[in-house]
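Reading through the structure tokens given below for one structure.
Note that the structure is predicted; figures quoted are calculated from it, not measured. Sequential numbering from 1 along the given sequence is applied to the chain's residues.
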Amino acid sequence: MVKAVRLFRFNPGRLPFLPDLLPKLLIMDMITLDGFNDFIFKRMNEKVDVSALEKEREQLRRQLAQVSGAKTKLNQMRNVCQAFWKS
């Protein structure tokens, strides 16, 4: 990251391709940092707690079932009303 910042401050007008180059420079700098590989491997081996997401998913499923049931009931009532008004 230091190289990219220095490059940008030193010569901003001569690098029209800087937006394309900057991510590459950042990645190269991260790779050369001591401990970066250890940090990445540590994060890759960690378990992610998804219990809150699973609870929310179950709540949304129950809510969807409730709304679908209400929709079905309203459609039935609409059909009854339409039959009543046609006769």
- Message: Would a single hydrophobic cluster contain both Phe39 and Leu33, if residues Ile, Leu, Val, Met, Phe, Trp and Tyr are joined by side-chain heavy-atom contacts under 4.5 Å?
- Response: yes

- Query: Are Phe41 and Met30 connected, step by step, through hydrophobic side chains (Ile, Leu, Val, Met, Phe, Trp, Tyr) whose heavy atoms are closer than 4.5 Å?
  - Reply: yes

What distance separates [X] [atom1] from [Y] [atom2], expressed to the nearest 0.5 Å?
X     : Y     : atom1 : atom2 : result
Ile27 : Thr32 : CD1   : OG1   : 12.0 Å
Gln76 : Arg78 : CD    : CZ    : 11.0 Å
Arg61 : Ser68 : CZ    : OG    : 13.0 Å

- Query: Pick one: which of Glu56, Glu54, Arg62 meets side chain to side chain contact (heavy atoms under 4.5 Å, CB included) with Glu58?
  - Reply: Arg62

- From Lys42, Met44, Arg43, residue fulfilling side chain to side chain contact (heavy atoms under 4.5 Å, CB included) relative to Ile40: Met44

- Task: Answer yes or no: are there more than 12 heavy-atom neighbours, outside Glu46 itself, under 6.0 Å from its atom CD?
- Result: yes

